[in-house]
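Report on one structure; see the data block that follows.
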Amino acid sequence: MTFWLFLQAEENQYFAENEKVMWQIKKLPFYIDLVFCLVLLPAMITLLPIERWLVNDSLFVYLLVSWLYIVYILNRRLTMPLLFIGNRRFLVALVLILLTLAGTYFITRYQMEIPFHRMHSSRFRQPVPKIKLQQQAVWFLYIVVMTFSMAVGLLTQLYHQIMERQAVEFEREKAELALYKAQINPHFLFNSLNTLYAMVLTGSAQVEDAFTQFIGLMKYMYANNTKDKIPVCTEVDYIRQYIGLQKYRIPRDFQIHFSYHHDETDQMGIVPMILITFVENVFKHGVSSQHAGEAFVDIRMEKGELLFSTRNPLLNHHRSNSSKGIGIENCRKRLDLLYPGRYTLMTGAEGEEYVVTLSLALK
């Protein structure tokens, strides 16, 4: 297939997108940590009479805030990962949780240097010391910090599992693309050179035009082999030139009909060389030097959706199923990898013709 020199560019695009997704998954827990430490926890602390506590005993406030951040970081970065490892490390995680409980208990026993202001009592209500409210606030903040850090820890472990699966899938698909690339047969290059050689030997008056078209196709290939995407109109122009060059080697009584209809969305990007496989199959399996006939290649671009179809006689399909299968199936797998869930491809015989229809959402 003609895209054998350019599969590396598409491969790089696909792998770059996967790496970007994996990087985002990896950074998500870190962003959650920042939001909690810089926004949520300070907001909860301000709900307490923190200004009065700072006036009466600033050391207690600094100790409490520092301890809450230590508990969060310790629980997120050390305790929760140890819980998922198992065996003896699970016991280490439990010991760390007990230590944070003990540390919080000692903080609640801290006596701020203020008197025990008692609430106004009545016959039915006992006085409540202010120090008890202080202890309740400390335990409340501790429970919130522990609960949130455990939830984020569980989320982090879940994302780690997703990343591991993504890594396995990434390597599998990388190996598949390498296999497809190795299977590709560059018959277009050989057929074109043979056609040009035959035209030179026979002294054809069209040999100069054919060479010009061939050079244009080669320039197109080398100009786009490192691009992730190109405009649809550029890809269509390449297909038009390809068909024009192939017409030099097919019999005059065999007609190739090419049509292209589009709206303004034909400037949208598409992966280079994604359609040419089907056009090649028209010439490889639907054209014979011994039979007259006609084939059709139709491309439409409407509202960001590419509609592509080919029809050609069933001349060589029954004798070359294996090579046809490699081309079509490789292209289907490339579509799976590069446009997952965004295309519909149908191929098969309809009466005396072989038909390919592809619908590809580019938005």
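If you're wondering where the values come from, they're calculated on a predicted model, not measured in any experiment.
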Handout entry: Side-chain donor-acceptor pair present, Thr104, Trp139, cut-off under 3.5 Å
Key = no

Fill in the blank from the handout: Scanning both residues in full, the closest heavy-atom pair of Ser309 with Thr357 reads CB-CG2, 4.1 Å

Problem - From Leu275 atom CG to Leu360 atom CG, the distance as rounded to the nearest 0.5 Å - result: 7.5 Å

Exercise for the section: Could you tell me whether Arg240 and Asp237 make a salt bridge, using a distance below 4.0 angstrom between a side-chain N and a carboxylate O? Expected result: yes

Handout entry: Steps toward side chain to side chain contact (heavy atoms under 4.5 Å, CB included) verdict (His261, Asp298)
Key = CA-CA 8 Å; His261 305 278; Asp298 180 67; 4.0 Å; yes

Practice task
Report whether Val355 and Leu314 are members of the same hydrophobic cluster (ILVMFWY, side-chain heavy atoms less than 4.5 Å apart, transitive linking).
Solution key: no

Exercise for the section: May I have all residue pairs that pass salt bridge (charged side-chain N to carboxylate O under 4.0 Å, His left out) and include part of residues 257-267, sequence neighbours excluded? Expected result: none

Practice task
Using atom types as modelled and distance alone, determine if a side-chain donor or acceptor of Glu235 lies under 3.5 Å from a backbone N or O of Met273.
Solution key: yes

Exercise for the section: Return yes if some donor-acceptor pair links the side-chain N/O of Thr234 with the main-chain N/O of Ile230 below 3.5 Å, else return no. Expected result: no

Problem - Distance, nearest 0.5 Å, that separates CD1 of Ile107 from CG of Leu68 - result: 7.0 Å

Practice task
Indicate the atoms forming the closest heavy-atom contact of Arg342 with Leu362, along with that distance.
Solution key: NH2-O, 3.4 Å

Practice task
Working to the nearest 0.5 Å, report the span between OH of Tyr69 and CG of Leu64.
Solution key: 11.0 Å

Practice task
Output yes when a side-chain donor or acceptor of Tyr339 lies under 3.5 Å from a complementary backbone atom of Val271, and no otherwise.
Solution key: yes

Quick one: side chains of residues 209-218, donor-acceptor pairs under 3.5 Å with protein atoms, not counting sequence neighbours, listed by atom name and distance.
from   : atom 1 : to     : atom 2 : distance (Å)
Thr212 : OG1    : Glu208 : O      : 2.9

Practice task
Could you work out the complete set of other residues in the hydrophobic cluster of Met346, with links drawn between I, L, V, M, F, W and Y side chains under 4.5 Å apart?
Solution key: none

Problem - Backbone of Thr108 reached by a side-chain donor or acceptor of Gln135 within 3.5 Å - result: yes

Exercise for the section: Measure the SG-CD1 distance between Cys331 and Ile274 for me, rounded to the nearest 0.5 Å. Expected result: 5.0 Å

Practice task
Any chance you could lay out the side chain to side chain contact (heavy atoms under 4.5 Å, CB included) test for Cys233 and His262, step after step, and finish with the verdict?
Solution key: CA-CA 9 Å; Cys233 58; His262 63 89; over 6 Å; no

Handout entry: Donor-acceptor side-chain pairing of Thr265 and Glu302 below 3.5 angstrom
Key = no

Handout entry: Exercise: identify the closest heavy-atom pair between Ser149 and Met146
Key = OG-O, 2.9 Å

Practice task
Following the transitive rule for hydrophobic clusters with a side-chain heavy-atom cut-off under 4.5 Å over Ile, Leu, Val, Met, Phe, Trp and Tyr, establish whether Leu201 and Leu245 coincide in one cluster.
Solution key: no

Exercise for the section: Begin with the C-alpha distance, continue with both residues' side-chain angles, and end with the deciding distance and a verdict on side chain to side chain donor-acceptor pair (under 3.5 Å) for Asp336 and Tyr343. Expected result: CA-CA 8 Å; Asp336 286 335; Tyr343 80 95; 2.5 Å; yes

Handout entry: Apart from Leu307 itself, residues in the same hydrophobic cluster as defined by side-chain heavy atoms under 4.5 Å
Key = none

Problem - Joint hydrophobic cluster, Phe296 plus Leu345, side-chain heavy atoms closer than 4.5 Å - result: no

Handout entry: Between Thr100 and Tyr142: side-chain donor-acceptor atoms closer than 3.5 Å
Key = yes

Practice task
Would you check if Val144 and Met44 make a side-chain contact, meaning some heavy-atom pair closer than 4.5 Å?
Solution key: yes

Fill in the blank from the handout: The reported gap from CG in Asn312 to CZ in Phe283 (rounded to nearest 0.5 angstrom) is 9.5 Å

Throw together a table of side-chain donor-acceptor distances under 3.5 angstrom for residues 33-41, partners on residues two or more places apart or in other chains.
from  : atom 1 : to    : atom 2 : distance (Å)
Asp33 : OD1    : Tyr72 : OH     : 2.7
Asp33 : OD1    : Arg76 : NE     : 2.9
Asp33 : OD2    : Arg76 : NE     : 3.4
Asp33 : OD2    : Arg76 : NH2    : 2.8
Asp33 : OD2    : Arg77 : NH2    : 3.1

Practice task
Kindly state each residue pair satisfying salt bridge (charged side-chain N to carboxylate O under 4.0 Å, His left out) with at least one member in residues 344-354, sequence neighbours excluded.
Solution key: Arg311-Glu353

Problem - Single-linkage hydrophobic cluster, 4.5 Å side-chain cutoff, Leu193 and Tyr197 together - result: no

Completion exercise
Distance col, row Phe258:CZ vs Lys247:NZ, nearest 0.5 angstrom, shows 9.5 Å

Problem - Non-hydrogen side-chain atoms of Ile256 and Glu294 separated by less than 4.5 Å - result: no

Practice task
Report the C-alpha distance between Asn281 and Thr310 in whole Å, list the side-chain angles of each, state the deciding distance to 0.1 Å, and finish with yes or no for side chain to side chain contact (heavy atoms under 4.5 Å, CB included).
Solution key: CA-CA 9 Å; Asn281 279 337; Thr310 64; over 6 Å; no

Fill in the blank from the handout: Shortest non-hydrogen pair, Leu338 vs Pro340, comes out as C-CD, 3.4 Å

Exercise for the section: Show the numbers, then the answer: is there a side chain to side chain contact (heavy atoms under 4.5 Å, CB included) between Phe148 and Ile32? Expected result: CA-CA 10 Å; Phe148 195 89; Ile32 296 177; 4.0 Å; yes

